[in-house]
Amino acid sequence: MQSIFKSHRPFLIAGPCSAETEEQVLKTAHALKEIPVDLFRAGIWKPRTRPGAFEGIGEEGLKWLQRVKNETGLKTTVEVANTNHLELALKYEMDVLWIGARTTVNPFLIQEIAEALRGVSIPVMIKNPVNPDLKLWMGAIERFQLAGIQDIAAVHRGFTSFEKEKYRNDPMWQIPIELKRIMPAIPLICDPSHIGGKRELLQVLAQKAMDLNFDGLMIETHPDPDQAWTDKAQQITPAEFKILLQNLVLREEHSDDVIFQKNITEMRSMIDQLDEKILRILSERMKIAEQVGLFKKENNITVFQLERWNEIVLTRSHWADEHGLSPELILRLWQLIHQEAIQLQMKVMNEPANNESVRINE
Ligand code: PEP
Ligand code: MN
């Protein structure tokens, strides 16, 4: 089965955060048709974090989306968050459905929606849950797969945190990358709009997604973003979207070029040798750490000494700097190494004495 999301790269989904008026929806769609995009999105039911804000236009908006289909030929997608939404979305012949981040967190709802889709052939996009829980994301994908949905894409929209820093939702790129590793057949789409929360961040985020070999992009577009009823800071006009796409550098995952292959193989072989060296050194270091553990045991000294750890952190950060490496990376690395050394020492310290000679002779 050829997935709609793999029809070409990047698969483009665009449209307003919310359908507001018939005019706004049609104006956006006609402009996007010219780019062109692959799928027109618009939120009909809006999951607002707190009550009192615009909660979506409802069923009326589905009629506007039907007009989009008829007038532009664009395929359409809406978010469904319960079986009632689902019934209406199917009644108005939406082409693709998407599950929002606040729904993915709830296995009961996901199961209900998936069950209601049994026997229906429609592609479904599943956004990551708001919390950084890969299993929950995978679980939602699996529930739709078990209900017989064959064309499923995962949408990465970042993860909420208490402290809002640079991003509205922390991208934590390692999570979608891990999803790709475990479920390589699931196309991966990035939603830079909800990650960034600010239009200035979209270009860099979209480029990053392309460099990480994502299959597509979902970007919120509005004819007059500053007047948008929802998510105004992150929406861009269709014209700005076009510029973003023109600025995007698309790179291939593979190249058959002989010179490229020769050079990359050489460089990778150098890296392999260095990694092996690192591992050998690490193993030597652990053996000495183990001896230190025995020595501490003989002298009745605790495994952990704060001054030594402080000294390690200080010197290694300094050395990292001297070698042009980031002190944060080195700190993280040494925390792991030190933790492992402590565990080893704990083990030798608490092992029965008759095992010690065996260990020393090893
Ligand atoms: C949206 O795409 O408009 C939306 C509500 O997204 P999310 O579920 O990622 O918050
Ligand atoms: Mn939005």
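All ligand and atom numbering here is 1-based and tracks the order in the structure. Note that this is a predicted model, so its numbers are computed, not measured.
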Which residue and heavy atom of the protein sit nearest [atom], plus the separation:
atom	answer
atom 8 (O) of ligand 1	Ala101 N, 2.8 Å
atom 4 (C) of ligand 1	His194 NE2, 3.5 Å
atom 9 (O) of ligand 1	Arg157 NE, 2.6 Å
atom 6 (O) of ligand 1	Lys127 NZ, 3.0 Å

Which atoms of ligand 1 have any heavy atom of [X] under 4.0 Å away?
X	value
Glu79	5 (C)
Lys46	1 (C), 3 (O), 5 (C)
Gly100	8 (O)
Cys17	3 (O)

(message) Run the side-chain contact (heavy atoms from CB on, under 4.5 Å) test on His222 and Glu20 for me, step by step, so that the C-alpha distance in whole Å, both residues' side-chain angles and the decisive distance to 0.1 Å come before the verdict.
(response) CA-CA 10 Å; His222 191 286; Glu20 298 163 3; 3.0 Å; yes
(message) Can you tell whether the side chains of Asp211 and Arg251 come within less than 4.0 Å, N to carboxylate O?
(response)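 A salt bridge is present here (some side-chain N lies under 4.0 Å from a carboxylate O).
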(message) Please determine whether a side-chain nitrogen of the Lys or Arg among Arg67 and Glu71 lies less than 4.0 Å from a carboxylate oxygen of the Asp or Glu.
(response)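 The answer is yes: the pair qualifies as a salt bridge.
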(request) May I ask you to decide if Leu90's main-chain N or O and Glu93's side chain share a donor-acceptor pair within less than 3.5 Å? (result)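 No; judged by distance alone, with no hydrogens or angles, the pair does not exist.
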(request) Please confirm whether the backbone N or O of Leu12 pairs with a side-chain atom of Asp38, one donor and one acceptor, at under 3.5 Å? (result)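 Such a contact is found between Asp38 side chain and Leu12 backbone.
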(message) Can you see whether His318 engages Glu322 through a side-chain donor-acceptor pair at a distance of less than 3.5 angstrom?
(response)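 There is such a pair (donor and acceptor under 3.5 Å, judged by atom type) between the side chains of His318 and Glu322.
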(message) Can you confirm whether the side chains of Gln234 and Arg168 place a donor and an acceptor under 3.5 Å from each other?
(response)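 Their side chains do contain a donor-acceptor pair, which is all the 3.5 Å distance test asks for.
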(request) Could you label the plane-to-plane angle of the Trp173 and Phe214 rings as parallel, tilted or perpendicular, counting under 30° as parallel and over 60° as perpendicular? (result)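 Rings of Trp173 and Phe214: perpendicular, as their planes differ by over 60°.
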(message) Arg102 versus ligand 1: do any nitrogen or oxygen atoms come within less than 3.5 Å of each other?
(response)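 Yes: some nitrogen or oxygen of Arg102 is under 3.5 Å from one in ligand 1.
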(request) Only heavy atoms count here, so choose which of Arg41, Arg48, Glu220 is nearest to atom 2 (O) of ligand 1. (result)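 Among Arg41, Arg48, Glu220, the closest heavy atom to atom 2 (O) of ligand 1 comes from Arg41.
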(request) To 10°, measure the OE2(Glu220)-the Mn ion (ligand 2)-OD2(Asp231) angle for me. (result)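 Glu220 OE2 and Asp231 OD2 form an angle of 130° at the Mn ion (ligand 2).
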